[in-house]
Number of protein chains: 2
Amino acid sequence: MSMTNQELRKVGLKVTLPRIKILELLDRCPEQHLSAEDIYKQLLEQGEDVGLATVYRVLTQFEQVGIIERHHFENNYSVFEMRKELHHDHLVCVKCARVVEFTNPRIEQEQHDVAVEHGFTLTGHSLYLYGVCSLPACRAAADIVKTGD
Amino acid sequence: MSMTNQELRKVGLKVTLPRIKILELLDRCPEQHLSAEDIYKQLLEQGEDVGLATVYRVLTQFEQVGIIERHHFENNYSVFEMRKELHHDHLVCVKCARVVEFTNPRIEQEQHDVAVEHGFTLTGHSLYLYGVCSLPACRAAADIVKTGD
DNA sequence: CTAGTTGCAAATCATTTGCACTTGC
DNA sequence: GCAAGTGCAAATGATTTGCAACTAG
């Protein structure tokens, strides 16, 4: 809990109940990608008295100071996760919504080269691969699906 | 105009005024990435009597039959473009919103490899690079921006 | 003729904002 | 004490949907 306090103070945010709880929640499920709603519901379930608006505000602040990352998948809402030390991209199962993280330095390098080639200074990027994963249930659907280019 | 008719019939859609006009509009600006609003406004300007809802419905249908592609950039709305023969990704200027298309076979290959590695059958992917382009106006801002990982 | 389409208005849904009320420091 | 933070309700803005009128085949 004091580690959490440290982190918040370090980025100039007051240490408040909602912020502590949200940070703990994200910390506890490092492999999950939670939406604002998800976080809101879980907090309610564990008896906290927070508003959805606060969850959004806190998540936005956390993102701005770099504590967490926001991802826009192909749906229409965002998911959040603690910022990891090393950058990674996502492989998302379109059947079961499972998310696998991966790192590929060659892709990173190519991205950089492409940007330079076109006179851009990269500020960020997003790479999401969508597919059908190897779970039996999902597998069944994979056959009628053509491999993307 | 008859080519347009052909294309529509081929995918089993009735040849209606709104569909023809929207298709023509997208065809005429192959390099642009238009939002539903953009298309709606342009149609109104050129005197057509269409509803925004129809624009959305038609675009969704076109996407489903593969005539056009939908992109979700980091904003909260989508842009559409005619489906090109060869696949390409996007480089988006965060200052002026200019969009540059590019193709990189090595990235494509790596993506495929990553999917296989994790037991996924790829169905699609989205890669967007965000940065500051080389226009003088945008350039000014590039200096205070750090290069992504 | 009649199933597919359309325009309009009302409905959704994720996210944001105004505001009066707390709380951290 | 006071600025920063919060909850709630109302506002947004993109996209969707219900429905009665309309049109392509």
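Reminder, nothing fancy here: chain letters follow the sequence lines and each chain counts from 1. All of these numbers come straight from a predicted model, not from anything done at the bench.
- The nearest whole Å value for the distance from the CG atom in L17(B) to the C1' atom in dA24(D) is 11 Å.
- Under the rule for a salt bridge (Lys or Arg N to Asp or Glu O under 4.0 Å), the partners of E48(A) that lie at least two apart in sequence or sit in another chain are K21(A).
- Between the P atom of dG7(D) and the CG atom of L44(A) lies a distance of 10 Å, rounded to the nearest Å.
- Applying the side-chain contact (heavy atoms from CB on, under 4.5 Å) test to N104(A) and every residue at least two apart in sequence or in another chain returns F102(A), R106(A), I107(A), E110(B), V114(B).
- Read 5' to 3', the first and last nucleotides of DNA chain C with an atom closer than 4.0 Å to a heavy atom of chain A are dA14(C) to dC25(C).
- Atom NZ of K14(A) and atom C1' of dG1(D) are 11 Å apart (whole Å).
- Per the geometry, CD1 belonging to I20(A) stands 10 Å off P belonging to dT6(D), to the nearest Å.
- Atom-to-atom, CG of L43(A) to C1' of dT6(D) comes out at 14 Å; the value is rounded to the nearest Å.
- For S126(B), there are no side-chain hydrogen bond (donor to acceptor under 3.5 Å, both in side chains) partners at least two apart in sequence or on another chain.
- Considering all non-hydrogen atoms of both residues, F80(B) and I68(B) come closest at CD2-CD1, 3.7 Å.
- Rounded to whole Å, the distance from CD on E37(B) to C1' on dT12(D) is 13 Å.
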Using atom types as modelled, flag every donor-acceptor pair under 3.5 Å from a side chain in residues 49-62 of chain B to any protein atom, sequence neighbours excluded.
| residue | atom | partner | partner atom | Å |
| --- | --- | --- | --- | --- |
| T60(B) | OG1 | Y56(B) | O | 2.8 |
| T60(B) | OG1 | R70(B) | NH2 | 3.4 |
| Q61(B) | OE1 | R19(B) | NH1 | 2.8 |

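- Applying the side-chain hydrogen bond (donor to acceptor under 3.5 Å, both in side chains) rule to H90(B) yields the partners H33(B), E81(B), H88(B); only residues at least two apart in sequence or on another chain are considered.
- Over its full length, the helix from dC1(C)-dG25(D) to dC25(C)-dG1(D) turns its helical axis through 30°, comparing axes from the five pairs at each end and rounding to 10°.
- Taking for each of T16(B) and S78(B) the nucleotide of DNA chain D with the nearest heavy atom, the 5'-most of the two is the partner of S78(B).
- Every residue two or more places apart in sequence or in another chain was checked for a salt bridge (Lys or Arg N to Asp or Glu O under 4.0 Å) with R98(B), and none qualifies.
- Rounded to an integer number of Å, the gap from L8(B) CG to dT23(D) C1' is 15 Å.
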Under 3.5 Å, which donor-acceptor pairs do the side chains of residues 127-138 of chain A form with other protein atoms, sequence neighbours left out?
| residue | atom | partner | partner atom | Å |
| --- | --- | --- | --- | --- |
| Y128(A) | OH | H71(A) | ND1 | 3.1 |
| Y130(A) | OH | E74(A) | N | 3.3 |

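- Listed by residue number, L52(A), A53(A), Y56(A), R57(A) are the residues of residues 49-58 of chain A with a heavy-atom contact under 4.0 Å to DNA chain C.
- If you take CG of L13(A) and P of dA4(D), they are 12 Å apart, rounded to a whole angstrom.
- Taking V116(A) as the reference, H112(A) meet the side-chain contact (heavy atoms from CB on, under 4.5 Å) condition, with sequence neighbours excluded.
- Contact between A115(A) and L122(A) at its shortest, heavy atoms only, is CB-CG, 3.6 Å.
- Remark: Q109(A) engages D113(A) in a side-chain hydrogen bond (donor to acceptor under 3.5 Å, both in side chains) (not counting sequence neighbours).
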